[in-house]
A.B. asks: 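Submitted below is the structure of interest, expressed as structure tokens.
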Protein chains: 2
Amino acid sequence: MTETRAYHHGDLRRALLAAALEAIEEVGPAALSLRDLARRAGVSHAAPTHHFGDKAGLLTALAAQGFDLLAQALIATHDDFLEAGVAYVDFAVTHRAYFEVMFRPELYRADDPELLAARERSGAALRSGVAALSGGGGPVDTDRDALAAWSIAHGFATLWLAGALPDRVGDNPREAARAVLRRLSA
Amino acid sequence: MTETRAYHHGDLRRALLAAALEAIEEVGPAALSLRDLARRAGVSHAAPTHHFGDKAGLLTALAAQGFDLLAQALIATHDDFLEAGVAYVDFAVTHRAYFEVMFRPELYRADDPELLAARERSGAALRSGVAALSGGGGPVDTDRDALAAWSIAHGFATLWLAGALPDRVGDNPREAARAVLRRLSA
DNA sequence: CGAAGAAACTTGTCAGTGACAAGATTGCGA
DNA sequence: TCGCAATCTTGTCACTGACAAGTTTCTTCG
């Protein structure tokens, strides 16, 4: 296992994405440096260009991958509203780097087809969970309910990540999120 | 009224903050360039340093001013929960540049005393509005209710700003926010 | 009034960055 | 095995934030 292999890294694209996740967790998506990623991967400063074109290209790939992972996490809750909300917050905290890129469309190409498809998959999974909640009879407005659910989960997640919440909320995001999300289903 | 006055702009600090608000609305807070602000204000590229030290200093001042404006907007709703929520969303949409900086603490000095004080004023105004809602008797948990209210308003606001919401939500943020916020008070 | 010192701003410079062009190396299919 | 395409490198440019040092204006105080 040689330490440095000249030319043909073998899996540079994947290595760069992994390095990007690390770097974003350290300095945030805005301060991300392509040259730093190249250094982390042990390649020259221009190597990333070949795989992603530019910085926005790399972040587009990351965002698409993130929406895909989020969709999977939501689907795994099997249309349980509360669990879907908790999973949403859990995803944001556990995959912070993904989440921070996903909702910053000015950093990537929001019209990328692959990304749009993955984004739609998460949206569908979310609505599906909400539809299960409001099945209890009476006139329901799934669209509005889904928007409310998405808002409360997304708001809690972003406030948590921004460190804006007071200490008394505790250090367990899943538990705290569950308590907050319950206010909506009550 | 001379067009260019050498030395002593007169109100450069304010001019730079105003230029920053403009620039952030155009390119976002991350892509903000101090040199661009200097050009907009008609001064040399190093002039901003004297007033703010560095980029983080400028954004700290902006964030503090933003929290102050938000607190005023919330206080003006006189402890009406729904109106406070609508005002929160309205602030985010109307003062997009402020809002985008305020909740990106990695961009500024989050331990700045003036900023902390302004932030605490908004927090108090928010809790005050929620306390008014839950005054209807029964066991109440104002902390948790305030967190839920903050989450849903903040989530809706950030999703709106990120352009993540589907078209069918419409183009009137106040109206759409009111419908969503009502799901919490019901 | 006027001089000293502080405040405000400028010019000059440096390392780091993203993007691009052009060239070198390697793997793969005909 | 030969040629070509994919992969990666070296070199370069304009731009940026930060800092150092100098210049101009304002203010305060003798």
Side-chain angles (χ1 to χ4, degrees), chain A residues 1-24 26-63 101 104-109 112, chain B residues 1-24 26-63 101 104-109 112:
Chain A
M1 199 167 169
T2 56
E3 286 225 331
T4 62
R5 59 201 90 178
Y7 280 92
H8 288 245
H9 176 285
D11 207 0
L12 182 55
R13 186 187 159 92
R14 194 180 306 267
L16 287 172
L17 287 174
L21 289 175
E22 262 188 48
I24 291 171
E26 291 168 16
V27 299
L32 184 69
S33 154
L34 285 182
R35 289 169 108 104
D36 178 51
L37 298 187
R39 280 190 292 269
R40 288 176 194 239
V43 294
S44 82
H45 63 94
T49 301
H50 187 263
H51 290 277
F52 300 102
D54 58 4
K55 200 171 176 176
L58 188 145
L59 292 177
T60 303
L62 255 184
V101 174
R104 228 160 271 195
E106 77 274 13
L107 296 179
Y108 58 82
R109 271 181 274 284
D112 180 81
Chain B
M1 197 166 172
T2 55
E3 286 227 330
T4 61
R5 58 200 90 177
Y7 281 93
H8 288 244
H9 175 286
D11 207 0
L12 182 56
R13 186 187 158 92
R14 194 180 307 267
L16 287 171
L17 287 175
L21 288 175
E22 262 188 49
I24 291 171
E26 291 167 17
V27 299
L32 184 69
S33 153
L34 285 182
R35 290 169 106 105
D36 177 52
L37 299 188
R39 279 190 293 268
R40 288 175 194 240
V43 294
S44 81
H45 63 91
T49 301
H50 188 263
H51 291 277
F52 300 103
D54 58 5
K55 200 171 177 177
L58 187 145
L59 292 177
T60 303
L62 255 184
V101 174
R104 264 204 223 354
E106 78 275 13
L107 295 179
Y108 58 81
R109 271 182 274 284
D112 179 81

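Each chain gets a letter, A, B and so on, in the order the sequences are listed, and its residues count up from 1. Worth saying up front: this structure is predicted, and the values here are computed from it rather than measured. Worth knowing before you read on, the calculation uses all heavy atoms, side chains too, and leaves out hydrogens, waters and symmetry mates.
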A.B. asks: So, for B:L58 and B:A20, which heavy atoms are closest and what is the spacing to 0.1 Å?
C.D. replies: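 Heavy atoms of B:L58 and B:A20 come nearest at CD2-CB, 3.8 Å.
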A.B. asks: Would you check if A:L34 and A:T49 make a side-chain contact, meaning some heavy-atom pair closer than 4.5 Å?
C.D. replies: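 No, too far: nothing below the 4.5 Å cut-off.
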A.B. asks: Expressed in angstrom and rounded to an integer, what is the separation of B:L59 atom CG from D:dT16 atom P?
C.D. replies: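 Value for this atom pair: 16 Å.
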A.B. asks: May I have the distance from B:D54 (atom CG) to C:dA15 (atom C1'), rounded to whole angstrom?
C.D. replies: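 In whole Å, C:dA15 C1' and B:D54 CG are 17 Å from each other.
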A.B. asks: Distance check: side-chain N/O of A:R39 vs OP1/OP2 of C:dT17, anything under 4.0 Å?
C.D. replies: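 Result: yes.
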A.B. asks: Say you draw a straight line from OG of B:S44 to CZ of B:R35; how long is it, rounded to the nearest 0.5 Å?
C.D. replies: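 So the OG of B:S44 and the CZ of B:R35 are separated by 9.5 Å.
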A.B. asks: Looking at D:dT9, D:dA20, D:dG17, which one has an atom nearest to any side-chain atom of A:A46?
C.D. replies: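 Comparing D:dT9, D:dA20, D:dG17 against the side chain of A:A46, the answer is D:dT9.
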A.B. asks: Nearest whole Å is fine: how far is D:dC8 P from A:L34 CG?
C.D. replies: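 Value for this atom pair: 15 Å.
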A.B. asks: Restricting to salt bridge (charged side-chain N to carboxylate O under 4.0 Å, His left out), what partner residues turn up for A:D112, sequence neighbours left out?
C.D. replies: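 Applying salt bridge (charged side-chain N to carboxylate O under 4.0 Å, His left out) to A:D112 gives none.
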A.B. asks: Check the distance between D:dA18's P and B:D36's CG and give it to me in whole angstrom.
C.D. replies: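 Computing the B:D36:CG to D:dA18:P distance gives 15 Å.
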A.B. asks: Could you tell me the separation between the NE2 atom of A:H51 and the P atom of C:dC20, rounded to a whole number of Å?
C.D. replies: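 In whole Å, C:dC20 P lies 17 Å from A:H51 NE2.
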A.B. asks: Roughly, in whole Å, what's the span from CG in A:L16 to C1' in D:dC8?
C.D. replies: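 It works out to 11 Å between those atoms.
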A.B. asks: So what does B:H45 touch, heavy atoms closer than 4.0 Å: a base, only the sugar-phosphate, or nothing?
C.D. replies: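 Touches a base.
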A.B. asks: Does D:dC8 have OP1 or OP2 under 4.0 Å away from a side-chain N or O of A:R13?
C.D. replies: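 The answer is no; no side-chain N or O of A:R13 sits under 4.0 Å from OP1 or OP2.
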A.B. asks: A:R35 CZ to C:dT17 C1': how many Å, rounded?
C.D. replies: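 The answer, rounded to whole Å, is 6 Å.
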A.B. asks: Calculate, to the nearest 0.5 Å, the distance between atoms CG and CG belonging to A:L21 and A:L62 respectively.
C.D. replies: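 Result: 5.0 Å between the selected atoms.
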A.B. asks: DNA chain D: B:T49 or A:H50, which has the more 5' nearest nucleotide?
C.D. replies: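 Its nearest nucleotide lies further toward 5', so the answer is A:H50.
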A.B. asks: Taking any heavy-atom pair under 4.0 Å as a contact, classify A:L32: base, sugar-phosphate, or nothing.
C.D. replies: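 Touches sugar-phosphate only.
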A.B. asks: Would you indicate, yes or no, if C:dG16 has its OP1 or OP2 atom less than 4.0 angstrom from a side-chain nitrogen or oxygen of A:S33?
C.D. replies: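 Negative; the distance criterion is not met.
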A.B. asks: Could you give the CZ-to-C1' distance, from A:F52 to C:dT17, as a whole number of Å?
C.D. replies: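 Nearest whole value for this atom pair: 18 Å.
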